[in-house]
There are 2 protein chains.
Amino acid sequence: MENKDIFIKKLRSSGLRPTRQRIEICKVLYDRKKTFHFTINDLSKILKKKSNEKISLATIYNTVCAFKNRNYLKEISINSSKSYFDTNVSNHHHFFNESTDELIDLKNEDVGNIKLKKKIPGKKIKSVEVLVKIQDNN
Amino acid sequence: MENKDIFIKKLRSSGLRPTRQRIEICKVLYDRKKTFHFTINDLSKILKKKSNEKISLATIYNTVCAFKNRNYLKEISINSSKSYFDTNVSNHHHFFNESTDELIDLKNEDVGNIKLKKKIPGKKIKSVEVLVKIQDNN
DNA sequence: ACACTACTTTAGAATCATTATAAAGTAGGT
DNA sequence: ACCTACTTTATAATGATTCTAAAGTAGTGT
Ligand SMILES: [Mn+2]
Ligand SMILES: [Mn+2]
Ligand SMILES: [Zn+2]
Ligand SMILES: [Zn+2]
């Protein structure tokens, strides 16, 4: 399991000791090929299924928050009821399927280049992101 | 006060009786020239100052929610901690000033036309909105 | 104007996501 | 092995939002 070493590095560089629980969290987050979009509740349920450890919500929040601060995870705000996180930390755009509450990455090339014609003096731009809300054709 | 009649119509068409409290809420929301972006807490504080009535949070939530359902208000999700509402109910884009937690409208013409090159079969697009996060120059 | 009924207001409780607390457990250095 | 700082976890606290139910009010009809 060479990935484990990568996870340990991720944890250490986030200021966290590599513990059993945190390694399990890393496996769910990063042991996959595609981008993972999730809520804390999603992550918690997956951990309950896939891992033998019981991992408390406090530990999950703690680890996710540290990864977010270290820019190993990105937070996405879609609606007020809960927070989404994204293993794709680059600036990018999203579809949000309101029928399934599912987030889907949009590649930057799938969205024409966005040129802002308005500037605000004394302010710098931190990000420009597009959210496309979609629904099932009923 | 001809505006009062407009407020009464808004309320009735939202399925609400025009009460003292709801008229006060309407005044704060709609008796202004520019778009108003607010949180429930903002609105509550303004009502405490500008109005002699004491208006409970329950009434504020109730009224705002009815206006949102009737499309007299639009909800904007910026971060997970609280919900913003907008008296500009058209599809439009925003600056969000992270230094002040302030929302600012961007006109559609201030953002180049956005052409999506990716479609998702069986889904229809409900909205395409851009959020530009800005911060004070240090 | 009076009465009736359905809708409204409100204080307070309930809920839910998230954060904080603090006691018991563990990792890493010596 | 020992020490100490960091971690885990159950549990409590918080804060936004929603719910409840009792007291108040608006609209309708008389
Ligand atoms: Mn989910
Ligand atoms: Mn505000
Ligand atoms: Zn993404
Ligand atoms: Zn707006």
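All chains are named by letter (A, B, ...) in the order of the sequence lines, taking the proteins before the strands, and each is independently numbered beginning at 1. The structure displayed is predicted, hence computed values, not measured ones.
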Q | Distance in Å, B/Asn108 CG paired with B/Ser90 OG, rounded so as to fall on 0.5 Å steps | A | 6.5 Å
Q: Check each residue of residues 54-63 of chain B for a non-hydrogen atom within less than 4.0 Å of any atom in DNA chain D, then write out the ones that pass by number, or none.
A: B/Ala58, B/Tyr61
Q: Please list, chain by chain and in numerical order, all residues satisfying ring pair (Phe, Tyr, Trp, His ring centres under 6.0 Å) with B/Tyr30, sequence neighbours excluded.
A: B/Phe67
Whole-Å distance between [N] [atom2] and [X] [atom1]?
X       : N      : atom1 : atom2 : result
B/Glu24 : C/dT10 : CD    : C1'   : 17 Å
B/Phe85 : D/dA16 : CZ    : P     : 13 Å
B/Leu47 : C/dT10 : CG    : P     : 11 Å
B/Asn41 : D/dT17 : CG    : C1'   : 12 Å
B/Glu53 : C/dA11 : CD    : C1'   : 17 Å
B/Arg22 : D/dG27 : CZ    : P     : 11 Å
B/Leu11 : D/dG27 : CG    : C1'   : 15 Å
B/Ile8  : C/dT8  : CD1   : P     : 14 Å

Within the distance-only criterion (no hydrogens, no angle test), does the side chain of [X] pair as donor or acceptor with the backbone N or O of [Y] below 3.5 angstrom?
X       : Y       : result
A/Thr87 : A/Phe36 : yes
A/Asn62 : A/Thr59 : no
B/Ser13 : B/Lys10 : yes

Q) Linking Ile, Leu, Val, Met, Phe, Trp and Tyr through side-chain heavy atoms less than 4.5 Å apart, which residues share a cluster with B/Val89? A) none
Q: List, by chain and then residue number, the residues other than B/Leu106 in its hydrophobic cluster (Ile/Leu/Val/Met/Phe/Trp/Tyr, side-chain heavy atoms under 4.5 Å); write none if there are no others.
A: A/Phe95, A/Ile104, A/Leu106, A/Val111, A/Ile114, A/Leu116, A/Ile120, A/Ile125, A/Val128, A/Val130, A/Val132, A/Ile134, B/Phe95, B/Ile104, B/Val111, B/Ile114, B/Leu116, B/Ile120, B/Ile125, B/Val128, B/Val130, B/Val132, B/Ile134
Q. Can you name the side chain to side chain contact (heavy atoms under 4.5 Å, CB included) partners of B/Leu47, sequence neighbours left out?
A. B/Glu24, B/Ile25, B/Val28, B/Leu43, B/Ile55, B/Ile60
**Q.** Of all pairs that satisfy salt bridge (charged side-chain N to carboxylate O under 4.0 Å, His left out), the ones with a partner from residues 113-128 of chain A, not counting sequence neighbours
**A.** A/Lys123-B/Asp136
Q.
Can you pull out every salt bridge (charged side-chain N to carboxylate O under 4.0 Å, His left out) where at least one residue sits in residues 50-66 of chain A? Sequence neighbours excluded, please.
A. A/Arg20-A/Glu53
Q.
Could you work out, with side-chain hydrogen bond (donor to acceptor under 3.5 Å, both in side chains) as the rule, every residue matching B/Lys133, not counting sequence neighbours?
A. none
Q | DNA chain D: 5'-proximal contact among B/Glu75 and A/Gly15 (nearest heavy atom) | A | A/Gly15
Could you list, one pair per line, each protein nitrogen or oxygen that sits under 3.5 Å from a nitrogen or oxygen of nucleotides 28-30 of chain D, together with the distance?
none

Hey, what are the protein-to-nucleotides 25-27 of chain C N/O distances that come in under 3.5 Å?
unit_1	atom_1	unit_2	atom_2	d
C/dA27	N3	A/Arg17	NH1	3.3

Q | B/Ile78 side chain reached by B/His94 side chain, heavy atoms, under 4.5 Å | A | no
**Q.** Minimum side-chain heavy-atom gap A/Asp31-A/Phe7 below 4.5 Å
**A.** yes
Q) Can you list the residues that meet the salt bridge (charged side-chain N to carboxylate O under 4.0 Å, His left out) rule with B/Arg70, with sequence neighbours excluded? A) none
Q) Does B/Gln21 place a side-chain N or O at less than 4.0 Å from the phosphate oxygens OP1/OP2 of D/dT25? A) no
Review item, nucleotides 13-16 of chain C N/O atoms under 3.5 Å of protein N/O:
none

